[in-house]
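Within every chain, numbering begins at 1; the chains are lettered A, B, ... in the order of the sequence lines, protein sequences first and strands thereafter.
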Amino acid sequence: MTSTIADRLLEWYDRHARSLPWRARPGEPAPDPYRVWLSEVMLQQTTVAAVKPYFAAFTARWPTVAALAEAPEEEVMAAWAGLGYYSRARNLIKAARAVAARGGFPDTEAELRELPGLGAYTAAAVAAIAFDRRAVVVDANVERVVARLFAIEIPLPQARKAISAAAETATPDCRAGDFAQAMMDLGATICTTRDPKCLLCPLAEGCAARSSGDPARLPIKVKKKEKPVRRGTAFWIERDDCVWLVRRAGKGMLGGMRALPDDGWSAQVDGGGETPLVGDWQPLGRVVHVFTHARLELSVRRYEGLQTPQGEGEWWPLATLDDAGLPTLFAKAARLALA
DNA sequence: CACGCGTGGGG
DNA sequence: TCCCCAAGCGT
């Protein structure tokens with residue numbers, strides 16, 4: 001009798017699983033749901049390499065979901081700075097508080113799905129990995145592997161339905177969490193977007209895309225829209241070895257993060273260029289930063305006048321600017337000012 | 001379903 | 001330099 005996809009994949013996983021900080025070692029019981037959840041949220045659209053230091057810092061500082069739930073929001077946001085997609089951090093705090101309030105993580109996919117920041121993928125992943133539930137876990141890796149295995153020619157995202165149906169068929173009743181992680185390891189190391197390594201693949205036999213001779217062709221994706229170029233200005237106001245920082249609105253770009261004052265640029269519109277204070281402004285240079293939907297050319301200007309900023313904000317000591325939790329865009333701007 | 005939402009790395 | 005992307009979610 002021929003072995004199933006799950007059999008072959010799990011056998012491969014038992015020998016080749018990546019060792020990652022949020023994973024249980026082979027033979028150990030399922031890892032702490034808090035660590036599974038935290039890692040999965042951090043890994044949304046984010047590489048393993050980028051996540052590792054943040055995962056280490058978060059778990060050292062907030063070892064439990066209860067500890068995270070008690071943390072001041074701005075400290076969590078600052079700790080997330082640089083990782084991107086800051087709505088994840090905002091939802092992370094909300095979810096931590098909801099979980100702490102109910103005394104622990106729910107252990108079913110449906111209940112997990114109700115927590116902020118847990119969509120179809122993450123709810124299934126946590127249910128399978130942390131609670132050993134059978135759940136069909138479909139991320140971009142699984143989409144790629146499945147699209148190739150079954151030669152699904154429908155372009156993404158249309159193909160999602162067919163792919164999840166195929167993934168459902170392939171998912172085993174036991175070890176669904178290991179199966180999910182095995183699929184993701186396979187996608188990350190063997191069945192890669194470019195140049196898949198079919199000679200090393202445990203599923204090569206019976207893979208339709210491999211038989212076709214051009215596995216990298218699948219899954220078919222539509223081309224992305226062109227990014228507009230936006231221009232904006234950020235303002236460096238320094239006094240007594242402190243810089244004036246504001247907090248951005250809770251939604252939208254870099255929402256909830258500390259920032260330099262700016263002229264109202266966004267991914268949709270250029271900034272107006274109006275300075276927040278009257279007086280001399282010296283150009284410090286320009287920062288180019290690429291967001292998902294726009295490329296921003298940010299001019300940075302330093303205030304030379306004597307007025308005091310109005311409205312919400314805080315004087316932040318330059319000596320501890322690294323702790324302010326500036327998103328990368330503003331960290332670049334600060335580097336200009338301090339150079 | 002389409003869009004908005006970061007960042008750093010690889011080819 | 002440029003493009004694509006890497007364990008998606010919320011609206």
S.K.: From the options dA7(C), dT7(B), dC4(C), select the nucleotide whose nearest atom is closest to the side chain of Tyr86(A).
M.R.: dT7(B)

S.K.: Could you state the atom-to-atom distance from NZ of Lys332(A) to P of dT7(B) in whole Å?
M.R.: 8 Å

S.K.: Of the candidate nucleotides dC4(C), dA7(C), dG6(B), which contains the atom at the shortest distance from the side chain of Leu43(A)?
M.R.: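 The closest nucleotide is dA7(C).
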
S.K.: Students often get this wrong, so: under 4.0 angstrom with heavy atoms, is Thr193(A) touching a base, only sugar-phosphate, or nothing?
M.R.: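 Sugar-phosphate contact only.
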
S.K.: If we take the P atom in both dC3(B) and dC4(C), what is their distance in whole Å?
M.R.: 16 Å

S.K.: Is any side-chain nitrogen or oxygen of Ser87(A) closer than 4.0 Å to OP1 or OP2 of dG4(B)?
M.R.: no

S.K.: Counting the atoms with a prime plus P, OP1 and OP2 as sugar-phosphate, which does Leu83(A) contact under 4.0 Å by heavy atoms, base, sugar-phosphate, or nothing?
M.R.: base

S.K.: Distance check, P atoms only: dG10(B) and dA7(C), in whole angstrom units.
M.R.: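 Here dG10(B) and dA7(C) have their P atoms 15 Å from each other.
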
S.K.: What interatomic distance, in whole Å, is found between C1' of dC1(B) and the corresponding atom of dG10(C)?
M.R.: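 Approximately 13 Å lies between the C1' atom of dG10(C) and that of dC1(B).
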
S.K.: Looking across every strand, which nucleic acid part, if any, lies under 4.0 Å from Ala267(A) by heavy atom: base, sugar-phosphate, or nothing?
M.R.: sugar-phosphate

S.K.: Looking at DNA chain C, which of residues 134-170 of chain A put a heavy atom within less than 4.0 Å of it?
M.R.: Asp139(A), Ala140(A), Asn141(A), Arg144(A)

S.K.: Under 4.0 Å, heavy atoms only, any strand: does Ala120(A) hit a base, just the sugar-phosphate, or nothing?
M.R.: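 Answer is sugar-phosphate: Ala120(A) comes under 4.0 Å of backbone atoms only.
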
S.K.: Of all the nucleotides listed (dC5(C), dG4(B), dG6(B)), which has the minimum atom distance to the side chain of Arg88(A)?
M.R.: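 Minimum distance to the Arg88(A) side chain belongs to dG6(B).
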
S.K.: Between Leu43(A), Leu38(A), Val48(A), which is the residue that forms a side chain to side chain contact (heavy atoms under 4.5 Å, CB included) with Phe55(A)?
M.R.: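 It is Leu38(A); the other options fail the test.
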
S.K.: Checking contacts here: which listed nucleotide (dC9(C), dA7(C), dC5(B)) is nearest the side-chain heavy atoms of Thr122(A)?
M.R.: dC9(C)

S.K.: Please list all pairs passing the salt bridge (Lys or Arg N to Asp or Glu O under 4.0 Å) test where one or both residues lie in residues 50-65 of chain A, with sequence neighbours left out.
M.R.: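 Matches after skipping sequence neighbours: Arg61(A)-Glu75(A).
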
S.K.: Have a look at Phe235(A) and tell me which of Val300(A), Val243(A), Thr275(A) forms a side chain to side chain contact (heavy atoms under 4.5 Å, CB included) with it.
M.R.: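 Testing Phe235(A) for a side chain to side chain contact (heavy atoms under 4.5 Å, CB included) against Val300(A), Val243(A), Thr275(A) leaves exactly one candidate, Thr275(A).
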
S.K.: Can you figure out which of dC5(B), dC9(C), dT7(B) approaches the side chain of Leu254(A) most closely?
M.R.: dT7(B)

S.K.: Roughly how many Å is it from OH in Tyr121(A) to C1' in dA7(C), rounded to a whole number?
M.R.: 4 Å

S.K.: In dot-bracket form, how is DNA chain B paired, counting a Watson-Crick or G-U wobble pair only if both its distances are under 3.5 Å and using | for bases paired to another strand?
M.R.: .||||.|||||

S.K.: Go through dG6(B), dC5(B), dC5(C) for me and flag the one nearest to the His293(A) side chain.
M.R.: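 Per side-chain heavy atoms of His293(A), the pick is dC5(B).
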
S.K.: Roughly, in whole Å, what's the span from CD in Glu40(A) to P in dG8(C)?
M.R.: 9 Å

S.K.: Can you find an N or O donor on one side and an acceptor on the other, under 3.5 Å apart, linking the side chain of Thr328(A) with the base of dG8(B)?
M.R.: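 Donor-acceptor pair under 3.5 Å: no.
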
S.K.: Starting the side chain at C-beta, find the nucleotide from dA7(C), dG8(C), dT7(B) nearest to Gln45(A).
M.R.: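 Looking only at heavy atoms from C-beta outward on Gln45(A), the closest nucleotide is dG8(C).
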
S.K.: Between atom NZ in Lys225(A) and atom P in dC3(C), what is the gap in whole Å?
M.R.: 16 Å

S.K.: Any idea how Phe291(A) and His289(A) line up, ring-wise: parallel (<30°), tilted (30 to 60°), or perpendicular (>60°)?
M.R.: perpendicular

S.K.: By the 4.0 Å heavy-atom rule, please label Gly82(A) as base, sugar-phosphate, or nothing.
M.R.: sugar-phosphate

S.K.: Using a heavy-atom cut-off of under 4.0 Å over every strand shown, decide if Leu20(A) touches base, sugar-phosphate, or nothing.
M.R.: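 The answer is base, as Leu20(A) lies within the cut-off (heavy atoms under 4.0 Å) of a base atom.
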
S.K.: With DNA chain C as reference, determine whether Arg194(A) or Ala123(A) sits nearer its 5' end, using the nearest nucleotide of each.
M.R.: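 Going by which nucleotide is closer to the 5' end, it is Arg194(A).
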
S.K.: Can the ring centroids of Tyr303(A) and Trp281(A) be said to lie less than 6.0 angstrom from one another?
M.R.: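 Here the rings of Trp281(A) and Tyr303(A) have centres that are less than 6.0 Å from each other.
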
S.K.: When the distance from CZ of Arg295(A) to P of dG4(B) is rounded to whole Å, what number comes out?
M.R.: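 So the two atoms are 17 Å apart, to the nearest Å.
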
S.K.: For dG4(B), take OP1 and OP2 only and decide whether either is under 4.0 Å from a side-chain N or O of Lys251(A).
M.R.: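 Checking Lys251(A) against dG4(B): no side-chain N or O falls below 4.0 Å of OP1 or OP2.
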
S.K.: Regarding Glu312(A) and Arg247(A), does a basic nitrogen lie under 4.0 Å from an acidic carboxylate oxygen?
M.R.: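 Arg247(A) and Glu312(A): not salt-bridged.
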
S.K.: Is it the case that Arg239(A) and Thr308(A) place a side-chain donor and acceptor less than 3.5 Å from each other?
M.R.: yes

S.K.: Under 4.0 angstrom, heavy atoms only, what part of the nucleic acid is Lys221(A) near: base, sugar-phosphate, or nothing?
M.R.: sugar-phosphate

S.K.: Can you check the distance between dT11(C) and dG6(B), where both ends of the measurement are the P atom (answer in whole Å)?
M.R.: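 Looking at atom P only, dT11(C) and dG6(B) are 14 Å apart.
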
S.K.: Side chain of Arg18(A), base of dA7(C): donor and acceptor closer than 3.5 Å?
M.R.: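 Check passes, donor-acceptor contact within cut-off.
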
S.K.: Are any of His289(A)'s side-chain N or O atoms less than 4.0 Å away from OP1 or OP2 of dT7(B)?
M.R.: yes

S.K.: Would you call Arg175(A)-Asp14(A) a salt bridge at under 4.0 Å N-O?
M.R.: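 Between Asp14(A) and Arg175(A) there is a salt bridge, with a charged N closer than 4.0 Å to a carboxylate O.
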
S.K.: Judged by each residue's nearest nucleotide on DNA chain C, which is more toward the 5′ side, Trp22(A) or Gly117(A)?
M.R.: Trp22(A)

S.K.: Please give, in whole Å, the distance from dC5(B) P to Asn91(A) CG?
M.R.: 15 Å

S.K.: Less than 3.5 Å apart, which donor and acceptor atoms pair up between the side chains of residues 313-322 of chain A and the rest of the protein, not counting sequence neighbours?
M.R.:
{"unit_1": "Glu314(A)", "atom_1": "OE2", "unit_2": "Arg258(A)", "atom_2": "NE", "d": "2.7"}
{"unit_1": "Trp316(A)", "atom_1": "NE1", "unit_2": "Thr320(A)", "atom_2": "O", "d": "2.9"}
{"unit_1": "Trp316(A)", "atom_1": "NE1", "unit_2": "Thr320(A)", "atom_2": "OG1", "d": "3.3"}
{"unit_1": "Thr320(A)", "atom_1": "OG1", "unit_2": "Pro317(A)", "atom_2": "O", "d": "3.4"}

S.K.: Rounded to whole angstroms, how far apart are CH2 on Trp80(A) and P on dG8(B)?
M.R.: 15 Å

S.K.: Partners of Phe58(A) by ring-ring contact (aromatic ring centres under 6.0 Å, His included), sequence neighbours excluded?
M.R.: Trp62(A), Trp80(A)

S.K.: Sequence neighbours left out, what pairs pass salt bridge (Lys or Arg N to Asp or Glu O under 4.0 Å) with at least one residue falling in residues 196-218 of chain A?
M.R.: Glu153(A)-Arg217(A)

S.K.: Touch check for Gln268(A), heavy atoms < 4.0 angstrom, all strands: base, sugar-phosphate only, or nothing?
M.R.: sugar-phosphate

S.K.: Quick one: which of Thr46(A), Leu83(A), Thr59(A) gives a side chain to side chain contact (heavy atoms under 4.5 Å, CB included) with Tyr54(A)?
M.R.: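 Among the candidates, only Leu83(A) passes.
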
S.K.: Tyr85(A) OH to dG10(C) P: how many Å, rounded?
M.R.: 14 Å

